[in-house]
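Chain letters run A, B, ... following the sequence lines, proteins first and then strands; every chain starts at 1. The figures that follow rest on heavy atoms only: side chains count, while hydrogens, waters and symmetry mates do not.
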4 protein chains.
Amino acid sequence: MAALQKSIDKRNALIEATIELVNNDGFHATPMSKIAKMANVSPATIYLYFDNKQDLVNKTYIEVKSRYTAYAFETYRETMSVEEGFEVIWKRIADFKLKEVADAMFLAQCDNTPMIDEPSRREGIKHLQPLLDLWARGKAEGIIKPISDYLLYAYSINPLSFLMLVENRGAIKIGPQELEEAFQAAWSSIKINR
Amino acid sequence: MAALQKSIDKRNALIEATIELVNNDGFHATPMSKIAKMANVSPATIYLYFDNKQDLVNKTYIEVKSRYTAYAFETYRETMSVEEGFEVIWKRIADFKLKEVADAMFLAQCDNTPMIDEPSRREGIKHLQPLLDLWARGKAEGIIKPISDYLLYAYSINPLSFLMLVENRGAIKIGPQELEEAFQAAWSSIKINR
Amino acid sequence: MAALQKSIDKRNALIEATIELVNNDGFHATPMSKIAKMANVSPATIYLYFDNKQDLVNKTYIEVKSRYTAYAFETYRETMSVEEGFEVIWKRIADFKLKEVADAMFLAQCDNTPMIDEPSRREGIKHLQPLLDLWARGKAEGIIKPISDYLLYAYSINPLSFLMLVENRGAIKIGPQELEEAFQAAWSSIKINR
Amino acid sequence: MAALQKSIDKRNALIEATIELVNNDGFHATPMSKIAKMANVSPATIYLYFDNKQDLVNKTYIEVKSRYTAYAFETYRETMSVEEGFEVIWKRIADFKLKEVADAMFLAQCDNTPMIDEPSRREGIKHLQPLLDLWARGKAEGIIKPISDYLLYAYSINPLSFLMLVENRGAIKIGPQELEEAFQAAWSSIKINR
DNA sequence: TATGAATGAGCTTTCATTCAT
DNA sequence: TATGAATGAAAGCTCATTCAT
């Protein structure tokens, strides 16, 4: 039990170190030895938990992506109306991107870079299903535009990544008002106008 | 004259090789020797045109970014109405992102990664001014929402990068219809509803 | 214990390889890879023991210089008379320079070249103090000329470096007779004539 | 004539640049391109005057060595007595080493380093003959010790190189008094005591 | 004679990975 | 399970030298 916990702790420490270092320097500029040092283990120990560097970063990606989706859907219930459901999910996602900055930046880098392999990428999207279901419901009810889910995502969810990045580079501050404006922009872009 | 042209050709070949290889493998996974080989020069020759690898990628970024903005604004005239102007610019940008795929992917990687240094990043944004001016006009005329330019960009322009990426990974095909839908989503998100 | 010994052995092998190769080819003409090969380690292993090439040569210098002074003063006792003391030290130095040829040549190159950094140079001279003390005593007793220690060194000790070099280039042979002549010349140049 | 002069000027500029740069950085740390730049010529031009880098430094050595000996013997006449002759030559050499610092440092580096090839080294000593002749005369007259010329050189001439070096590193200042003391030490070491 | 552009070879150093313990 | 020492391979970069002009 204690031994198992220690193992889990080490694995976690490695994942966290990977996130922080890759965020600062990028994947290839981050040596395994540095990750090991930050996680307080020997470089050789990494290979007890992961096959190689690519595997480490793939697994880190999947882990972070699943934290992201878990957070996104935690308060959402399928009984909610489409409008309410979307707002609940959207605000959780915004929350995550603005508060869990390290995780969010890591995902942004993974998603725009050839650093993650395809299988892991696919694994990462899996858990987005509840949002797709909500959209399907919204389309059926004539509330959401009948367009590709990718378009819906591009216009309602993805802008949050961009906003998180520029806030992080110090260009803007996203307060409650900006958040509300952002939500209105997101909703405007995908809802059907009557 | 011929000598000067040959120099320009070599510099260009290096820039193009950098774009293609960084797109495929990422910045750090692309060795200078590979760039040299693809540009048909010796590794040492790169250093006649650029100070070092960082300088090469910075200059490539600035070059690509300026191609992008030049293309974006080529058919836009300040005499156009806000609606017309935005549509013209938006469609040129969409065109660029979907046709000049290599350039667009390169920019996406640069913008989401710590691979470009700050001065070059700032240099890169400079040429976006006409769009900001148009938005200012639109806000004054009560056509565009009075919100931060970053928000406007996040919702009306940036989604195109995401769409380009997923199209490139083979997930979707952006045809004329999807483009029109995307434009409507973009415009909906930033225009004021009456 | 055995591991520690192996570490020390490797470090020593690297130091000895550095001396030999720098003697033959000079500092900059000696690649790290050649040093590694001669010490029977991988090039990367050098960097476990030394920060970089400059550090390797600095540390080698300090090591050799301290062997030199240790040898020079080993049989000297402060209870000896000035004459006896000087003769004892001088002959030990001569011994060292003529027998430990590799070490002596290495020092000659370091001392006449910008290849060692200043801090290491200063560190290297530290241990010459007993000779300076002996000279101070000699001056106080009216046996040694009251002139700068640098002058005393230039005329009584430094010529041995020159003789070692020319013997090594095959121009002369320093036998017992030449050594005695050299000692007389050294002593003549610094003692006060009555 | 003017063309010839220009050629000679370029050759000289290259020699002088070599001396200065090798003094500062050492032979191998001095790139041909830097020498070319300092001499205000193209790198390719060096190869019109010298076969390669080794040849350049060899020829520079010979040139500097011959300046040195020319200076040393300029005021000496074979009609002078041994004592007077030695003093005249010694003081000229001291003058040279303390005033033509760049030349003297360059020679010190060449003489203690494997950077000059053997033929050039031999060529360099040739012109020392008048001093050897003087010593032969001194030995015949019972004024100079009947010992190897190398020993005489080691004790009477070579110390000046050491003194020049330490003065140059800022450790001492060689004024008229120190010079006289040095001369006395030199003379003491080689003259026969009666 | 003189050049600037070009380069192949080789340098120092780093790093993902392994291995003896 | 855990490690620190070790390394082969490869990276970025430099430089003596050449070549087209």
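If you take NZ of K37(B) and C1' of dT7(E), they are 14 Å apart, rounded to a whole angstrom. Rounding to whole angstrom units, CG of residue L56(A) and C1' of dC15(E) are separated by 15 Å. The CZ atom of R11(B) sits 16 Å away from the C1' atom of dA5(E) (whole-angstrom rounding). In this structure, L14(C) places its CG atom 15 Å from P of dA5(F), rounding to the nearest Å. Going from atom CG of L21(B) over to atom P of dA11(F) covers 12 Å, rounded to whole Å. I35(C) has its CD1 atom 8 Å from the P atom of dT12(E), to the nearest Å. The nearest whole Å value for the distance from the NZ atom in K6(B) to the P atom in dA6(E) is 6 Å. Taking atom CG of residue D9(A) and atom C1' of nucleotide dT1(F), one finds them 14 Å apart after rounding to whole Å.
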For residues 34-48 of chain D, which side-chain N or O atoms pair as donor and acceptor with protein atoms under 3.5 Å away, sequence neighbours left out?
from, atom 1, to, atom 2, distance (Å)
K34(D), NZ, D25(D), OD2, 3.3
S42(D), OG, A44(D), N, 3.1

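Looking at heavy-atom distances under 4.0 Å, F50(A) makes no contact with the nucleic acid at all. Here K34(B) lies out of heavy-atom contact (under 4.0 Å) with every strand.
Between K59(D) and D51(D) there is no salt bridge, since no side-chain nitrogen of the basic residue lies less than 4.0 Å from a carboxylate oxygen of the acidic one. A salt bridge links D111(D) to K65(D): one of the charged nitrogens lies within less than 4.0 Å of a carboxylate oxygen.
At distances below 3.5 Å, at least one donor-acceptor pair connects side-chain atoms of N23(C) with backbone N or O atoms of F106(C). Under a 3.5 Å cut-off, the side chain of K53(A) and the backbone N or O of F27(A) do form a donor-acceptor pair. Distance alone, capped at 3.5 Å, places no donor-acceptor pair between the R11(C) side chain and the Y49(C) backbone. With Q109(A) contributing its side chain and V22(A) its backbone, the two residues share a donor-acceptor pair below 3.5 Å. Without hydrogens or angle criteria, E100(B) side chain to M105(B) main chain gives no donor-acceptor distance under 3.5 Å.
Within the 4.0 Å cut-off from OP1 or OP2 of dT1(E), not a single side-chain nitrogen or oxygen of Y49(D) is found. Under 4.0 angstrom from either OP1 or OP2 of dA6(E) there lies at least one side-chain N or O belonging to K10(B).
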Per-nucleotide protein contact string for nucleotides 14-21 of chain F (B base, S sugar-phosphate only, - none; heavy atom under 4.0 Å): BBSBBB--
Dot-bracket summary - DNA chain F, pairs being Watson-Crick or G-U whose distances fall under 3.5 Å, with | when paired to another strand: .||||||||||||||||||||
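A side-chain donor-acceptor contact under 3.5 Å links Q54(D) and N58(D).
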